[in-house]
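One structure below.
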2 protein chains.
Amino acid sequence: MSYTYKYPRPALAVDCVIFGYDHRLEESDLQILLIERKLVPFKGKWALPGGFVQMNETLDAAAVRELKEETGMEKVYIEQLYTFGALDRDPRGRVLSVAYIALVNLEKHNLKAGTDAEAAEWFSLNKLPALAFDHKIIVKTAVERLRGKVRYQPVGFELLPDEFTFSELQNLYETVLERTFDKRNFRKKIESYGLLIDTGGMRRGKPNRAAKLYRFDSKRYKALEKHGFMFEL
Amino acid sequence: MSYTYKYPRPALAVDCVIFGYDHRLEESDLQILLIERKLVPFKGKWALPGGFVQMNETLDAAAVRELKEETGMEKVYIEQLYTFGALDRDPRGRVLSVAYIALVNLEKHNLKAGTDAEAAEWFSLNKLPALAFDHKIIVKTAVERLRGKVRYQPVGFELLPDEFTFSELQNLYETVLERTFDKRNFRKKIESYGLLIDTGGMRRGKPNRAAKLYRFDSKRYKALEKHGFMFEL
DNA sequence: ATTTATTTGTGTTAATTTTACACTAACTTA
DNA sequence: TAAGTTAGTGTAAAATTAACACAAATAAAT
């Protein structure tokens with residue numbers, strides 16, 4: 001079976017830059033999920049998870065599907081990043097890639113090994129191996145976008161478990177933005193938005209004072225957002 | 001001649017949301033350029049300028065080409081907006097659209113009439129006619145992006161002539177952001193960035209005090225930007 | 001049971017930034 | 001030369017941000 005068109009058409013792929021974060025680690029870097037390519041081109045090289053868009057699925061659906069197929073992960077935050085269309089980005093011919101960003105917490109979404117006969121592995125953002133295709137540029141674009149976005153939209157919570165402590169939240173922001181915050185000022189700022197719900201629970205188990213657990217009030221955020229409220233950090 | 005592939009491929013188009021602004025008008029709205037479709041589907045309806053991407057051109061190049069073909073405009077600011085991939089967005093079949101935003105000044109870039117046998121016309125943003133395809137959503141996305149972008153990147157200057165007065169700049173920002181600024185505070189803020197060059201010229205001709213003309217120092221901006229400088233309004 | 005080591009949780013003051021506000025200067029037309 | 005209109009300018013109050021230190025709570029070790 002084959003498909004014939006009057007004019008030539010580029011092939012269409014989606015690629016996902018999946019950011020992972022583990023709040024349990026002391027010095028927790030941002031991580032990116034890569035898969036080792038088993039086929040040419042770039043056989044043996046690491047690449048972003050992705051694949052071709054099917055005719056009966058939207059771009060978002062294709063990204064969600066690839067995410068699930070290659071990592072087993074579901075119900076993760078995902079958003080379109082940018083569409084890459086350089087002429088020579090794929091040696092097999094003209095292939096466009098609509099890139100997506102996904103944000104996952106490594107405790108909540110643990111990687112299912114080898115779901116797609118391809119080895120998937122997390123890499124620290126600043127220890128990435130050489131990447132196939134133009135994926136280095138895609139990752140760079142994604143990191144810039146994440147850094148920009150995290151400051152004026154509360155997407156950081158997607159990288160944490162549902163319940164988290166203030167210092168986990170602060171560590172996350174410090175990791176993503178590569179800067180430090182004053183503990184008291186950070187708390188004050190976040191509290192001023194009234195978007196955290198005290199769950200009553202405590203994070204115990206470490207040999208120090210237990211910390212209160214909070215939950216992000218996404219319903220309230222959505223309501224406020226409509227009336228022009230702006231989160232900012 | 002025809003082209004055959006093993007798997008089906010969507011067609012690929014670019015569409016441009018061209019924002020126009022005229023600093024000479026008293027009550028100057030933001031404008032959007034639309035063309036009247038001469039062919040089915042949506043014959044007679046207004047639509048964003050656009051067309052299919054050719055095999056040997058990048059997405060950016062396709063957007064630039066369409067812009068020139070349909071409006072005669074060259075050397076305008078252009079950037080990729082978003083890729084729209086709903087299954088039913090084109091009744092002819094699966095067509096993806098990579099949308100672009102362009103910013104032009106209506107004095108600098110005057111519309112060449114009927115360059116492409118299609119009537120092109122400027123419409124006030126808040127008086128748009130019904131649009132073909134999913135172009136209403138594309139325009140909405142573009143407006144949101146422009147409003148967001150204009151606040152933290154100095155793209156507003158693209159909508160003005162090379163030399164402009166402070167009140168022209170202020171009017172532009174007030175129009176795009178749909179709010180007012182205090183004249184003195186606005187001036188102070190902009191001046192604090194040191195990104196405007198006094199050209200020595202004056203805007204004369206109106207029955208009131210002449211205003212100094214300034215030019216945006218894009219070289220200096222690019223240099224500062226690299227070292228973490230942030231424009232913000 | 002007590003000590004030790006470690007992280008949590010909290011308030012005030014100074015510095016900076018943002019906002020509010022009104023009059024004179026300069027230009028063109030009548 | 002008078003009238004009408006926009007350009008250009010400074011200061012004080014309010015709000016926000018930044019800087020800073022110690023007692024309380026917990027688990028582990030003694």
Side-chain angles (χ1 to χ4, degrees), chain A residues 22-28 150-152 160-161 163-175 177-215 228-233, chain B residues 22-28 150-152 160-161 163-175 177-215 228-233:
Chain A
D22 192 334
H23 59 283
R24 295 164 299 183
L25 272 46
E26 296 305 312
E27 289 297 315
S28 43
V150 95
R151 287 194 40 232
Y152 61 92
L160 291 176
E163 302 196 353
F164 51 85
T165 69
F166 256 103
S167 29
E168 285 162 0
L169 186 62
Q170 183 172 345
N171 282 334
L172 164 65
Y173 274 99
E174 291 184 341
T175 302
L177 295 176
E178 291 185 313
R179 55 162 292 196
T180 58
F181 290 92
D182 176 87
K183 190 167 41 148
R184 280 175 285 192
N185 294 339
F186 182 83
R187 222 190 171 86
K188 227 181 299 175
K189 181 81 157 188
I190 298 284
E191 273 175 340
S192 75
Y193 294 129
L195 289 171
L196 294 192
I197 298 166
D198 184 339
T199 66
M202 300 289 260
R203 175 88 68 220
R204 294 172 189 283
K206 276 190 278 175
N208 53 33
R209 179 169 172 178
K212 283 188 170 186
L213 286 167
Y214 295 87
R215 174 189 300 280
F229 165 83
M230 284 281 309
F231 177 90
E232 206 180 315
L233 208 121
Chain B
D22 193 334
H23 59 283
R24 296 163 297 182
L25 273 48
E26 295 306 311
E27 289 297 317
S28 43
V150 96
R151 286 192 42 232
Y152 62 91
L160 290 176
E163 303 195 353
F164 50 85
T165 69
F166 256 102
S167 27
E168 284 163 359
L169 185 62
Q170 183 173 344
N171 281 333
L172 164 64
Y173 275 98
E174 291 186 337
T175 302
L177 296 175
E178 292 186 313
R179 55 161 291 198
T180 59
F181 290 93
D182 176 88
K183 188 164 45 143
R184 280 175 286 195
N185 294 340
F186 182 82
R187 221 187 172 88
K188 226 180 304 173
K189 181 82 158 188
I190 298 285
E191 273 175 340
S192 76
Y193 294 130
L195 290 171
L196 293 193
I197 298 167
D198 185 338
T199 66
M202 301 288 261
R203 176 86 70 221
R204 294 173 190 282
K206 275 190 276 176
N208 53 33
R209 179 170 175 177
K212 283 189 171 184
L213 286 167
Y214 295 88
R215 174 188 299 282
F229 165 82
M230 284 280 309
F231 177 91
E232 207 179 314
L233 209 122

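Everything numeric here is computed off the predicted structure, so don't read it as measured data. Sequence lines set the chain letters: A, B, ... in the order given, protein chains first and strands last, and positions in each chain run from 1.
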Just to verify, what does A:Phe229 make a side-chain contact (heavy atoms from CB on, under 4.5 Å) with, not counting sequence neighbours? A:Tyr193, A:Leu195, A:Tyr221, A:Leu224, A:Phe231
Separation of B:Lys212 atom NZ from C:dC27 atom C1', in whole Å? 15 Å
Hey, what do you get for CG (B:Asn171) to CG (B:Asp22), rounding to the nearest 0.5 Å? 11.5 Å
With sequence neighbours excluded, give me every salt bridge (Lys or Arg N to Asp or Glu O under 4.0 Å) pair touching residues 178-193 of chain B. B:Arg147-B:Glu178
Sequence neighbours excluded, every pair satisfying ring pair (Phe, Tyr, Trp, His ring centres under 6.0 Å) that has a member inside residues 194-215 of chain A: A:Phe166-A:Tyr214
Sequence-distant partners of A:Ser28, side-chain hydrogen bond (donor to acceptor under 3.5 Å, both in side chains), two or more places apart: A:Tyr21
To the nearest 0.5 angstrom, please state how far the OH atom of A:Tyr173 sits from the CZ atom of A:Arg151. 11.0 Å
Calculate the interatomic distance between A:Asn208 atom CG and C:dT6 atom P; express it in whole Å. 10 Å
Base, sugar-phosphate, or nothing: which does B:Thr165 touch, judged by heavy atoms less than 4.0 Å apart? nothing
Please report, rounded to the nearest Å, how far the P atom of C:dG9 is from the CG atom of A:Asp182. 15 Å
How would you list, by chain and number, every residue that makes a ring-ring contact (aromatic ring centres under 6.0 Å, His included) with B:Phe181, sequence neighbours excluded? B:Phe186
Here the distance between atom P of C:dT8 and atom OH of A:Tyr214, to the nearest Å, is 12 Å
Taking only nitrogen or oxygen atoms into account, show me every contact under 3.5 Å that the protein makes with nucleotides 22-24 of chain C, one pair per line with its distance.
| unit_1 | atom_1 | unit_2 | atom_2 | d |
| --- | --- | --- | --- | --- |
| C:dA22 | N1 | B:Arg184 | NH1 | 3.2 |

Close side-chain approach of A:Val150 and A:Leu233, heavy atoms under 4.5 Å: no
Which distance, rounded to the nearest 0.5 Å, do you find between the CD of A:Glu174 and the CG of A:Leu169? 10.0 Å
Nearest-Å distance, CZ (A:Arg187) to P (C:dT7)? 15 Å
How long is the straight-line distance from CD1 of A:Ile190 back to CG of A:Leu196, given to the nearest 0.5 Å? 6.5 Å
Can you give me the first and the last nucleotide of DNA chain D (5' to 3') that has an atom within less than 4.0 angstrom of a non-hydrogen atom in chain B? D:dG4 to D:dT11
CZ of A:Phe164 versus P of C:dT8: gap in Å, rounded? 14 Å
Heavy-atom contacts under 4.0 Å between residues 199-206 of chain A and DNA chain C, which residues? none
Return a table of donor-acceptor pairs under 3.5 angstrom between the side chains of residues 202-213 of chain B and protein atoms on other chains or two or more places apart.
| unit_1 | atom_1 | unit_2 | atom_2 | d |
| --- | --- | --- | --- | --- |
| B:Arg203 | NE | B:Glu168 | OE2 | 2.9 |
| B:Arg203 | NH2 | B:Glu163 | O | 3.3 |
| B:Arg203 | NH2 | B:Glu168 | OE1 | 3.0 |
| B:Arg203 | NH2 | B:Glu168 | OE2 | 3.3 |
| B:Lys212 | NZ | B:Asp198 | OD2 | 3.4 |

Measuring from A:Thr175:OG1 to A:His23:NE2, what's the distance to the nearest 0.5 Å? 12.5 Å
Distances for protein N or O near nucleotides 17-19 of chain C N or O, under 3.5 Å:
| unit_1 | atom_1 | unit_2 | atom_2 | d |
| --- | --- | --- | --- | --- |
| C:dT18 | OP1 | B:Lys189 | NZ | 3.4 |
| C:dT18 | OP2 | B:Lys189 | NZ | 3.4 |

